[in-house]
Amino acid sequence: MARVPYEDLPEPVRAALAARVGNDHPGIPVDQGDSAALANWFWPKPGSSMVFVKGLPLDHERIGELRAEAAVNPFLPDCAPRLLWQEEAGGWLLLCFEGLQASLWTGFGKDSAHLGAVAAVLEELSRTPAPEVVTRTPWDRWGRYCDPADEPLLVGDRLAHSDPASTNFMTESSGRVHLIDWAWAMRGPAWLDTALWGFRLVMDGRQSVEQAAGWAAKVPAFAAAPRRAVAVLTEAEARSWEDWQASGTTELERTVAAARAWAAFWAAPPV
């Protein structure tokens, strides 16, 4: 999604931001991510805490994702940044989150010092019930790539982020890890996020499937997951990336290869 520079925003949007963060605020655009047209850090006044503001036009096809992220925020565990305010102005929806003094991404390589903290976040999520405002399910996202008979394998009542990529984890210098961008939150089995994390360890961290499986197994909910259920999900995830590639999305070769390798590992009989 193309970013809209602050100075190119509609005047009512800039006025709304100025009323919130001041007229002379310093602001820095965030290049990373593609879920919002506006993504800026702001320091409302000298010495104040940083905030992060993201926004979309109300008629954008992905506005539902931004609304979903706002709705789920009050129910998220401490690993997620808090939503401070939201406002509609000038035909846009603006969300303001507490700022994080943290890295823009978290290392997923086999020697990364952050993997244990990420696993701890996923374990916390596996114990977190999905609130009523979260209605999206794994079947909504992956059902088209599955046998209808397998739907019960992906049913659950836990809160899932569903996109545990390295760029969605931010790490403070203290080692504390935050999980951001909750637009795709869903209710599903407790092991779901960890199964998807394994693919990302292969993709983002360039780990072997065996190394990724070892880290995933450190999350108790995943270690106890039925292998058949994990195989169904990972196969569906691989097919979804292959579908994107077949539809013309470019530069997905490594992604498709990692997803397919992770799915093949779980489809094979355990050694």
Side-chain angles (χ1 to χ4, degrees), residues 1-45 48-106 121 125 131 133-136 141 159-172 176-186 193 200 204:
M1 186 184 303
R3 290 281 196 260
V4 177
Y6 178 83
E7 57 272 17
D8 292 342
L9 292 169
E11 193 282 329
V13 178
R14 286 184 281 115
L17 284 168
R20 294 281 192 173
V21 300
N23 288 309
D24 298 322
H25 55 76
I28 299 176
V30 179
D31 295 329
Q32 189 168 298
D34 64 355
S35 63
L38 170 69
N40 275 52
W41 288 309
F42 293 106
W43 284 260
K45 57 184 178 180
S48 65
S49 297
M50 176 182 67
V51 297
F52 172 67
V53 178
K54 64 196 301 187
L56 273 177
L58 294 175
D59 60 358
H60 195 280
E61 62 182 1
R62 295 181 66 177
I63 190 65
E65 296 179 13
L66 211 60
R67 293 194 187 281
E69 184 169 9
V72 73
N73 186 267
F75 306 97
L76 298 179
D78 290 342
C79 63
R82 296 297 103 191
L83 178 66
L84 303 177
W85 52 261
Q86 60 180 303
E87 182 172 343
E88 291 187 15
W92 280 60
L93 174 63
L94 305 173
L95 304 184
C96 177
F97 296 89
E98 62 179 337
L100 300 176
Q101 299 288 347
S103 65
L104 291 180
W105 55 278
T106 293
V121 166
L125 270 182
V133 297
V134 175
T135 59
R136 185 179 175 90
R141 178 166 163 184
L159 176 65
H161 179 280
S162 87
D163 188 21
S166 61
T167 51
N168 281 333
F169 288 93
M170 297 177 65
T171 304
E172 296 180 3
R176 183 184 178 188
V177 170
H178 301 269
L179 184 53
I180 64 170
D181 286 347
W182 286 81
W184 292 355
M186 60 178 62
D193 274 333
R200 287 296 182 170
D204 301 339

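Since the model is a prediction, treat every value here as computed from it, not as a measurement. In this chain, residues are counted from 1 in sequence order.
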**Q** Are the side chain of Glu98 and the backbone of Arg82 linked by a donor-acceptor contact shorter than 3.5 Å?
**A**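 Present.
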
**Q** Restricting to non-hydrogen atoms, name the atom on Pro81 and the atom on Phe97 that form the minimum distance, rounded to 0.1 Å.
**A** O-CD2, 4.0 Å

**Q** What's the spacing between Leu56 CG and Ile63 CD1 if we round to 0.5 Å?
**A**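 Leu56 CG to Ile63 CD1: 5.0 Å, rounded to 0.5 Å.
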
**Q** For the pair Arg141 (side chain) and Ser162 (backbone), establish whether a donor and an acceptor sit closer than 3.5 Å, ignoring hydrogens and angles.
**A** yes

**Q** Whether the side chain of Arg20 engages the backbone of Ala15 through a donor-acceptor N/O pair (distance < 3.5 Å, no angle test) should be reported.
**A**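 Checked: no pair found.
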
**Q** Can you list the residues that meet the side-chain hydrogen bond (donor to acceptor under 3.5 Å, both in side chains) rule with Arg67, with sequence neighbours excluded?
**A** Glu88

**Q** Test your reading of the model: is there a side-chain donor-acceptor pair from Asn40 to the backbone of Tyr6, 3.5 Å cut-off?
**A** no

**Q** Check whether Thr171 reaches the backbone of Thr106 with its side chain - one donor and one acceptor, N or O, closer than 3.5 Å.
**A**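 Not a single qualifying donor-acceptor pair exists.
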
**Q** Do Pro164 and Phe169 touch side chain to side chain, with heavy atoms closer than 4.5 Å?
**A** yes

**Q** To the nearest 0.5 angstrom, please state how far the CG atom of Asn73 sits from the CG atom of Leu95.
**A**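 The distance works out to 9.0 Å.
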
**Q** So does Asp163 get a backbone contact from the side chain of Arg200, meaning a donor-acceptor N/O pair under 3.5 Å?
**A** no

**Q** To check you understand the geometry: which heavy-atom pair defines the closest contact between Asp181 and His161, and what is its length?
**A**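 Smallest interatomic distance, heavy atoms only, reads O-NE2, 2.8 Å.
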
**Q** Hey, could you give me the CZ/CD1 distance between Phe52 and Ile28, rounded to the nearest 0.5 Å?
**A** 12.5 Å

**Q** Please lay out, stage by stage, how Leu100 and Arg176 fare under the test side-chain contact (heavy atoms from CB on, under 4.5 Å).
**A** CA-CA 11 Å; Leu100 300 176; Arg176 183 184 178 188; over 6 Å; no

**Q** Under the 3.5 angstrom rule, does the side chain of His60 hit a backbone N or O of Trp92 as a donor-acceptor pair?
**A**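 Judged by distance alone, no pair lies under 3.5 Å.
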
**Q** Under the side-chain contact (heavy atoms from CB on, under 4.5 Å) test, which residues partner Thr167, sequence neighbours left out?
**A**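 Residues passing side-chain contact (heavy atoms from CB on, under 4.5 Å) with Thr167: Gln32, Trp105, Ala165.
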
